[in-house]
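Notes follow the structure.
Note that these values count all heavy atoms, side chains included, but never hydrogens, waters or copies made by symmetry. Letters A, B, ... are given to chains in the order of the sequence lines, protein chains preceding strands, and every chain is numbered from 1.
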Amino acid sequence: MKQHDSGGAGLQTRDRLPAGLTDADLLRMYEWMVLARSLDERMWLLNRGGQAAFVISGQGHEAAQVALASALQVGKDVLVPYYRDLGMALVFGLTPRDLMLSLLGKKGDPTSQGRQMPGHFSSRRLNIITGSSPVATQVLHGAGVALAAKLRGEDTVAMTCVGEGGTSEGDFHEALNFASIHHLPVIFVVENNGYAISVPQRKEMAVASVAERAAGYAMPGVTVDGLDPIATYVVAREAVDRARSGGGPTLIEAKVHRLTPHSSDDDDRTYRPAAELQEERAHDPIPMFRARLMELGVLSEQQEKEIRDRVKAQINDATEFAEQAPYPDPSELMLHVYGA
Amino acid sequence: MKQHDSGGAGLQTRDRLPAGLTDADLLRMYEWMVLARSLDERMWLLNRGGQAAFVISGQGHEAAQVALASALQVGKDVLVPYYRDLGMALVFGLTPRDLMLSLLGKKGDPTSQGRQMPGHFSSRRLNIITGSSPVATQVLHGAGVALAAKLRGEDTVAMTCVGEGGTSEGDFHEALNFASIHHLPVIFVVENNGYAISVPQRKEMAVASVAERAAGYAMPGVTVDGLDPIATYVVAREAVDRARSGGGPTLIEAKVHRLTPHSSDDDDRTYRPAAELQEERAHDPIPMFRARLMELGVLSEQQEKEIRDRVKAQINDATEFAEQAPYPDPSELMLHVYGA
Amino acid sequence: MATKLLIDAIRDTMFEEMRADERVIVMGEDVGKRGGVFRVTAGLVDEFGENRVIDTPLAEASIVGVAIGAAFHGLRPIAEIQFFDFIHPAMDQILNEAAKIRYRSAGDFNCPIVIRTPYGGGVHGALYHSQSIEAIFTREPGLKVVAPIMPSDAHGLLKTAIHDEDPVLFLEHKKGYRLVKDEVPDNDGAIPIGKARVVQEGSDVTIITYGMMLLESLAAAKKAAEKDGTSVEVIDLRTLRPLDRDAILGSATKTGKVLIVHEANKIGGVGAEVAAMIAEEAFAYLDGPIMRVAGAEVPAMPYSPPLEHAYLPNQEKIGAALDRLAAY
Amino acid sequence: MATKLLIDAIRDTMFEEMRADERVIVMGEDVGKRGGVFRVTAGLVDEFGENRVIDTPLAEASIVGVAIGAAFHGLRPIAEIQFFDFIHPAMDQILNEAAKIRYRSAGDFNCPIVIRTPYGGGVHGALYHSQSIEAIFTREPGLKVVAPIMPSDAHGLLKTAIHDEDPVLFLEHKKGYRLVKDEVPDNDGAIPIGKARVVQEGSDVTIITYGMMLLESLAAAKKAAEKDGTSVEVIDLRTLRPLDRDAILGSATKTGKVLIVHEANKIGGVGAEVAAMIAEEAFAYLDGPIMRVAGAEVPAMPYSPPLEHAYLPNQEKIGAALDRLAAY
Ligand SMILES: Cc1ncc(C[n+]2csc(CCOP(=O)(O)OP(=O)(O)O)c2C)c(N)n1
Ligand SMILES: Cc1ncc(C[n+]2csc(CCOP(=O)(O)OP(=O)(O)O)c2C)c(N)n1
Ligand SMILES: [Mg+2]
Ligand SMILES: [Mg+2]
């Protein structure tokens with residue numbers, strides 16, 4: 001198990017950027033992060049305003065999600081996400097309009113036509129595999145996709161994500177075991193925010209880091225600071241390259257923060273120290289990355305404003321679009337139980 | 001993960017015996033091993049003779065089983081065994097008569113009154129927990145027994161056993177995770193004979209030893225030569241003392257041999273190299289222990305003969321007793337679905 | 001006696017039983033400080049501590065499997081599965097272990113555990129927070145299954161379940177938690193498992209139901225009485241295994257017309273067994289077909305409001321069936 | 001055409017389909033060199049290699065979960081569960097995943113997998129190698145369940161199942177493997193899922209059954225005809241979900257007397273739904289109660305020969321029910 005970070009100070013000058021990462025890449029990653037956050041915040045507004053019955057957030061996970069997804073080949077690789085992966089879904093091509101339709105359960109929602117709760121990202125066209133709500137079942141699907149890719153002789157890579165709490169499920173063990181035996185091109189991402197709803201990590205596992213489990217599968221395991229998109233990207237690229245070149249699976253644990261309650265149905269004040277949350281808010285990955293990009297001279301105030309404007313416009317458009325969209329017709333209830 | 005053996009040559013003189021192990025202990029262990037083997041062999045005869053529909057063997061596992069069970073306090077500690085643990089069942093107090101009744105599905109079988117297949121060792125009186133046939137479900141029961149012992153403030157230890165193949169099930173992961181979080185007095189024994197029916201270890205896991213998984217639960221993991229009862233006893237005692245004194249769980253992997261086909265329904269010639277089996281037969285734990293005890297001067301030819309005679313008499317008695325016992329009455333079918 | 005919501009009746013009963021018997025423990029996801037995602041276990045950890053109110057890892061097989069092991073060694077665990085929809089990883093432990101322990105050991109061992117879980121829909125929970133899959137469990141000999149919807153019944157049946165020497169699956173309708181109230185006796189009034197309740201006597205048609213559909217059925221019965229004087233007998237099964245044969249056959253024999261109503265989908269639901277029992281044992285008394293009104297025959301309840309509404313049975317659908325049945 | 005045992009018909013069909021479509025793979029415990037513990041997959045690995053015939057770790061959730069993932073990416077896996085009794089760890093993947101994938105994605109995704117597993121008893125397999133728990137799966141919309149007992153039906157239905165775009169649970173009666181023979185077409189004769197077969201026409205009573213109980217039912221029908229000229233129609237359901245409504249209601253309407261027979265225990269079994277369907281939709285045509293003969297209502301089949309015998313339905317028990325029904 002390796003510890004990884006981009007060596008903070010080590011990256012304060014542009015010429016020291018990890019190979020392959022251009023300014024444009026960094027700006028794109030930053031804009032995805034801002035878009036994910038702003039979209040998420042709007043969803044909460046709609047929930048508190050009574051228009052959206054449910055919201056589950058990626059706030060605090062965006063840097064990790066955007067960096068991890070950016071290391072994949074969109075259009076070729078396969079994503080098997082979990083409910084917080086809004087940032088990944090955006091990188092893979094779901095649009096704010098798509099996600100707002102899903103939020104409101106409206107007709108045209110490409111992820112489920114209003115059948116699933118928000119946060120169930122899905123699109124065959126975009127290689128985002130449909131998921132359920134039971135945690136950790138998807139990690140086995142990730143291994144299965146990778147098995148098919150291998151048997152078909154492709155160099156496709158599958159990435160599947162789960163929270164650290166979900167790693168307690170038997171499915172997680174079975175997936176890592178199967179993937180390591182067959183040396184599959186799959187990356188197991190654990191987004192470790194320290195909580196499973198109210199249950200803190202120390203009640204979920206006896207180890208300090210999930211990545212310590214990788215050795216039990218003869219698999220590389222890496223813990224990375226998921227608040228640092230560059231460090232995360234470096235780790236993800238290494239894993240993706242390994243998987244694509246036949247080097248087998250990798251377990252990546254991204255340490256992140258959960259800046260919201262578990263979901264709009266949760267109230268975290270009963271179990272979460274206010275100080276802890278404050279401390280984590282003070283290390284919000286988005287302002288941290290912004291500051292860094294400005295230091296690096298990659299991002300100017302002007303560009304920042306343009307990004308904010310673009311994002312705001314997209315979100316307003318998506319909100320209006322979804323609000324005006326019709327609900328599915330009740331007759332759709334009986335469709336798609338079986339194929340023709 | 002530690003490697004363990006009794007340092008062969010290191011134990012060729014009696015004064016170098018591990019603390020606490022007396023000659024009488026060694027002779028008792030040896031006699032249990034001989035009894036387990038001879039009983040098992042008789043069961044195969046009855047199967048091949050058409051009297052017993054099914055047999056599943058502990059042949060090759062006896063040294064490990066007898067040593068592990070001997071490290072527990074019979075009458076106080078709790079055993080949660082699996083189907084090969086004939087040797088453990090004997091140490092815990094099931095008799096050849098009990099086991100022959102079970103083999104033939106006869107009335108009076110204390111493990112299930114003829115309801116379960118042979119190999120489902122069970123007795124509330126003897127602290128042997130009833131088990132099912134689905135592999136690995138019992139490891140969670142072992143953790144549960146230990147949880148109850150801890151909450152009740154007892155210093156009881158639970159020992160639960162499973163084959164290396166069974167460690168692939170999610171239940172194994174969940175049990176180790178739960179036990180390590182709560183620091184429970186439970187010992188997880190993996191009897192690693194290299195096969196899950198026909199599937200060799202390399203197709204079951206990517207690691208060389210199951211004990212390597214213990215670190216992922218912050219739990220001590222030990223691999224021991226399960227053909228060496230003294231080495232196994234030493235490892236078991238250490239784990240039992242740790243558990244009893246509040247030191248938490250241990251994972252013990254005993255490397256053993258499966259000297260028979262998986263069961264009387266199996267034919268291992270389709271998947272098992274004859275040479276490998278021959279090689280393993282050449283390292284049969286029982287003759288090896290006999291030779292060692294004779295070298296140590298603990299066992300004489302005379303004692304050997306007495307043991308063989310005692311064992312033979314017990315087995316003949318048990319066979320006759322079970323053959324003459326009646327079957328359960330068909331009316332018993334409907335009993336014990338629910339309590340009164 | 002006090003008027004209580006379903007959720008409070010269940011919580012209060014756990015307090016009573018944990019005070020009365022220190023062998024009773026509660027274990028599940030978020031049952032501690034959080035008091036459960038629905039707050040059913042709120043406050044328990046404060047009074048009984050973390051040893052008896054255990055926040056488990058997110059792993060249902062271990063929640064039930066560890067509970068079974070603890071029961072083997074003298075405890076009486078109440079295991080909470082956060083949503084019925086997530087009970088699947090524990091099915092091996094429930095169906096192959098808990099339900100078969102007494103039988104396989106010929107009574108040498110038994111398994112006194114209670115598995116509590118919220119079920120049912122109508123709360124925008126979509127496919128995986130709305131399920132009513134009780135029929136998977138009611139077919140299992142060795143297991144008992146209860147689904148009380150009235151707080152007084154939940155109180156009495158939870159007491160009985162905790163005292164029972166066999167495993168009991170205790171189903172709590174999540175929509176009913178804060179919607180259904182009635183008079184609940186204090187620490188008293190244990191109700192036997194296996195007894196249905198005639199909620200309303202009638203002579204023309206019998207409705208056999210349970211869960212939230214009891215409320216819809218009563219509303220439909222009221223309408224039918226007003227509309228054309230149909231006298232509807234309404235039975236709340238309360239226990240789904242073992243079924244109350246006397247109550248079911250008795251009422252079927254009396255009215256000769258039976259309508260079965262449940263939220264779970266129709267095929268292979270609890271209603272199928274109720275109908276089959278009547279068709280086999282009260283056939284001679286029937287004056288009309290045994291009808292069923294149930295959830296839509298789709299994999300699960302969708303999220304979008306119009307689809308969720310279309311999925312669920314309601315008093316209109318029940319009323320229409322009553323009209324057809326009364327016409328026989 | 002060739003006379004084949006059930007086991008050979010199933011194996012040969014897999015050979016045919018794997019030759020015809022390289023997307024078809026087989027995965028399960030011991031399916032490789034060992035050819036499966038019953039030898040159903042014997043020889044496959046020799047012809048198709050270890051990439052397409054995969055010995056999996058001992059972990060059913062992964063067998064089905066990985067198969068689902070592989071199906072998402074273009075393969076058509078046949079997953080073998082070594083015994084039906086051991087399918088429980090995979091229930092989440094089967095019921096919450098496979099069966100719901102098409103519905104939850106509104107048809108964007110689908111799940112073309114076949115899950116093969118040996119079920120049933122009478123082979124001294126005891127509680128955990130004899131189970132008939134099909135009703136757990138037949139209640140699940142989105143899933144198809146078939147249980148052919150005749151080799152020709154197994155051949156035709158396995159072909160159809162492998163070509164089906166939805167998940168199919170394919171049940172193989174282990175006692176029938178080497179006991180039941182008939183004429184099987186070569187690489188041909190696909191049989192639609194959802195169609196029962198009238199094995200024997202009759203006019204007095206209908207027996208609806210499947211699996212090994214078809215043989216017992218035919219024997220009982222023969223006796224009844226000889227004994228007192230009762231003309232028994234015998235229907236083999238073959239598919240347990242979706243049920244063949246036309247065949248079931250048609251025969252019930254014709255004879256007016258229905259006896260349902262299966263090895264699975266009675267309460268909540270497939271027979272409950274068949275009876276409920278008839279009681280709801282063919283009530284007017286019934287001349288007698290809808291009777292059921294089923295496995296004993298105990299947690300599972302015991303090991304000891306006299307107990308195993310007592311558990312199972314047989315031609316005597318079926319004959320006794322026929323007599324009672326004919327008397328109406
Ligand atoms: C099998 C299952 N059990 C319980 C739940 C309810 N649940 C939803 S999310 C969650 C916590 C997940 O925690 P973690 O895996 O750490 O992910 P996070 O939400 O922290 O990102 C729980 C218990 C579920 N969805 N599935
Ligand atoms: C859940 C489950 N799946 C499959 C089986 C069938 N089965 C019985 S024993 C066995 C192999 C077990 O191998 P291992 O755990 O290594 O134990 P060993 O028999 O080698 O001692 C299998 C696959 C089972 N009993 N339970
Ligand atoms: Mg978390
Ligand atoms: Mg083994």
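For the pair M117(B) and Y128(D), the minimum side-chain heavy-atom distance is 4.5 Å or more.
The pair K203(B)-E29(D) fails the salt-bridge criterion, with no side-chain N (NZ, NE, NH1 or NH2) lying under 4.0 Å from an Asp/Glu carboxylate O.
Only the side chain of V37(D) comes within contact range of chain B, judged by heavy atoms closer than 4.5 Å. The part of H129(D) that comes within reach of chain B is its side chain, from C-beta onward, which places non-hydrogen atoms under 4.5 angstrom from that chain. Using a 4.5 Å cut-off between heavy atoms, F86(D) contacts chain B through its side chain alone, with no backbone atom that close. Contact of D266(B) with chain D is made through backbone and side chain together, with heavy-atom distances under 4.5 Å. There is no contact between S62(D) and chain B, counting heavy-atom distances below 4.5 Å.
With values rounded to the nearest 0.5 angstrom, Y303(D) atom OH is found 10.5 Å from H120(B) atom NE2. If you take CG on L307(D) and CE on M334(B), they are separated by 11.5 Å, rounding to the nearest 0.5 Å. With rounding to the nearest 0.5 Å, the separation of CE in M301(D) from CG in L333(B) is 10.0 Å. Rounded to the nearest 0.5 Å, atoms NZ (K33(D)) and CZ (R272(B)) are 11.5 Å apart.
Inspection of non-hydrogen atoms places A53(B), F54(B) of residues 42-59 of chain B under 4.5 Å from chain D. The contact list for residues 128-139 of chain B toward chain D, using heavy atoms and a distance under 4.5 Å, reads S132(B), S133(B), P134(B), V135(B) by residue number.
Between chain D and the residues D329(B), D267(B), T167(B), the largest count of heavy-atom pairs under 4.5 Å involves D267(B). With chain B as partner, the option from V123(D), D55(D), L58(D) having the largest number of non-hydrogen pairs under 4.5 angstrom is L58(D). Taking chain B as the reference chain and counting heavy-atom pairs below 4.5 Å, the highest number among A61(D), P305(D), G32(D) is found for P305(D). When G35(D), A126(D), A296(D) are compared by the number of non-hydrogen pairs under 4.5 Å with chain B, A126(D) comes out ahead. In terms of heavy-atom pairs under 4.5 angstrom with chain B, the leader among H309(D), E308(D), E50(D), H88(D) is E50(D).
Atom NZ of K181(D) sits in a sparse spot, with 12 or fewer heavy atoms from other residues, nucleotides or ligands closer than 6.0 Å. No more than 12 heavy atoms of other residues, nucleotides or ligands sit less than 6.0 Å from atom CD of E22(D).
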Before you tell me yes or no, could you show the steps for L127(D) and R115(B) under side-chain contact (heavy atoms from CB on, under 4.5 Å), namely the whole-Å CA-CA distance, both residues' side-chain angles and the distance that decides it to 0.1 Å? CA-CA 7 Å; L127(D) 281 74; R115(B) 290 173 175 198; 4.1 Å; yes
I'd like to know whether E60(D) forms a side-chain contact (heavy atoms from CB on, under 4.5 Å) with E169(B), so could you lay out the CA-CA distance, the side-chain angles of the two residues, the decisive distance to 0.1 Å, and finally the verdict. CA-CA 8 Å; E60(D) 289 71 16; E169(B) 291 281 2; 2.6 Å; yes
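Remark: the backbone N or O of S198(B) is paired with a side-chain donor or acceptor of D30(D) at under 3.5 angstrom.
Summarising the geometry of P306(D) relative to P328(B), their closest heavy-atom pair is CG-O, 3.6 Å, with the distance given to 0.1 Å. Pairing each heavy atom of S168(B) with each of A59(D), the nearest pair is O-CB, 3.4 Å.
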